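Please read the structure below before turning to the comments.
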Amino acid sequence: MEVARSIAEMRAIVRNWRKADQKVSLVPTMGALHEGHLSLVHMGQDRADKSVVSIFVNPAQFAPHEDFNTYPREEERDFTALRQANVDLVFAPPVEEIYPDNHHTKVEVEGISQLLEGQFRPQFFIGVATVVAKLLIQVMPDVALFGEKDYQQLCVIRAMARDLDLPVDVLGGETIRESDGLAMSSRNAYLTNAERALAPRLYQEITAIADQVSAGADIDKVCAAASKGLSESGFKAIDYIVVKDADTLGDPTPGRPMRVLAAAWLGRTRLIDNIAVPG
Ligand code: AMP
């Protein structure tokens, strides 16, 4: 496994693969890797000859009050996991390689970025779209993999790749969960033991909503009941727990696929999760 710290080094390696007509996959991550990330790596390996994983904790997607400084950084452990997964190249640049002092360009996907997460983290998707656009242009992979765990992010990136005519297949991978249902996340490390015990409740509530809505229940009523249930069980604040159109994330319309999406706080940890409403 090769490790590149600069764009030039990384491009030189990928260029040689391309010359040999090899297809390239990219999984962008912020490190602190878990089975969710690795499942995306495997998806990429199934679809391309060479696999690249980027590890970059992107300052542009953190608000000043958020956890950029305390976000878990475990590079050696990550490298070991990626080596075991037969990854060909890790691109792990320092911040100044991605955002030199003269960096002034931002990418904004209007509309969908303002919904849901955008209401609570207004600059978040600008930071995500900007760094993902840069990574896709830097690596120029044939296929790039993103998790459904961050469902709205996947929608934003699909829209961005389409709008900017980026020549890459953007694929979503299913959410990988702990055995009790909690969606794997690097931020789960922040949970205290008591919070960790409570955390699967979020998945239980969105699963219950999906089943009930699928059976014809009133969306507002089941979402209100789930929100109440989460609050009563000890979740500190429910940012949203909603059922939306699975493609536009706008209000659902009869006959179209729907998605349940939720964000809620357990102590100082913000959990997000989502699930399809069975058709
Ligand atoms: P992150 O390191 O949190 O920025 O995530 C990097 C990629 O892994 C993103 O595309 C995430 O959606 C994806 N991801 C994170 N957690 C999971 C999970 N539990 N299952 C599947 N994909 C995930």
Side-chain angles (χ1 to χ4, degrees), residues 1 10 13-14 17-18 21-56 58 61 78 81-82 84-91 107 109 111-113 115-117 124-125 127-177 183-186 244-249 256-261 272-279:
M1 185 177 84
M10 179 274 295
I13 295 166
V14 174
W17 295 341
R18 291 218 167 286
D21 218 16
Q22 291 180 304
K23 297 233 173 299
V24 179
S25 68
L26 172 67
V27 178
T29 81
M30 298 206 300
L33 302 178
H34 50 65
E35 290 299 322
H37 298 110
L38 296 176
S39 76
L40 298 176
V41 169
H42 297 318
M43 272 183 78
Q45 288 170 331
D46 287 344
R47 288 163 177 79
D49 305 298
K50 294 286 185 182
S51 66
V52 183
V53 173
S54 62
I55 298 180
F56 181 66
N58 175 32
Q61 70 190 67
D78 290 346
L82 295 176
Q84 277 168 5
N86 290 319
V87 164
D88 297 287
L89 171 60
V90 177
F91 178 43
V107 177
V109 181
I112 199 161
S113 296
L115 308 171
L116 303 174
E117 286 296 290
F124 174 67
F125 284 124
V128 168
T130 301
V131 80
V132 173
K134 285 170 68 77
L135 289 165
L136 292 176
I137 291 166
Q138 287 160 2
V139 179
M140 281 291 174
D142 298 278
V143 49
L145 299 301
F146 299 87
E148 286 184 350
K149 156 76 169 43
D150 302 285
Y151 190 81
Q152 188 178 2
Q153 171 172 289
L154 175 60
C155 297
V156 167
I157 290 166
R158 278 192 205 285
M160 179 195 71
R162 184 198 62 214
D163 291 351
L164 297 182
D165 307 305
L166 297 178
V168 56
D169 277 341
V170 172
L171 295 183
E174 66 171 321
T175 302
I176 306 301
R177 299 178 180 281
M184 288 191 182
S185 163
S186 308
K244 295 291 179 188
D245 182 284
D247 294 323
T248 64
L249 301 185
R256 287 189 40 81
M258 292 183 276
R259 199 96 191 168
V260 187
L261 302 111
I272 64 170
D273 204 348
N274 69 89
I275 189 172
V277 175

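We count residues from 1, following the sequence as given. In this text, all values refer to a predicted model and were calculated from it rather than measured experimentally.
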[X] and [Y]: which non-hydrogen atoms are nearest, and at how many Å?
| X | Y | answer |
| --- | --- | --- |
| Met160 | Leu166 | CE-CD1, 4.1 Å |
| Glu174 | Glu148 | CA-OE1, 3.8 Å |
| Ser54 | Pro28 | OG-CA, 3.1 Å |
| Ser186 | Ala32 | OG-O, 3.1 Å |
| Leu115 | Thr248 | CD1-O, 3.7 Å |

Using atom types as modelled and distance alone, determine if a side-chain donor or acceptor of [X] lies under 3.5 Å from a backbone N or O of [Y].
| X | Y | value |
| --- | --- | --- |
| His42 | Ser39 | no |
| Asn58 | Val131 | no |
| Ser51 | Val41 | no |

Pairwise side-chain contact, [X] with [Y], heavy-atom cut-off 4.5 Å (strictly under):
| X | Y | answer |
| --- | --- | --- |
| Val87 | Val52 | no |
| Leu89 | Val14 | yes |
| Val170 | Phe146 | yes |

Exercise. Looking at Asp169 and Lys23, does any basic side-chain N land under 4.0 Å from a carboxylate oxygen?
Worked result: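 So Asp169 does not pair with Lys23 through a salt bridge.
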Problem set entry | Result of checking Arg259, Arg158, Arg256 against Asp247 for side-chain hydrogen bond (donor to acceptor under 3.5 Å, both in side chains) |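 Single side-chain hydrogen bond (donor to acceptor under 3.5 Å, both in side chains) partner of Asp247 among Arg259, Arg158, Arg256: Arg256.
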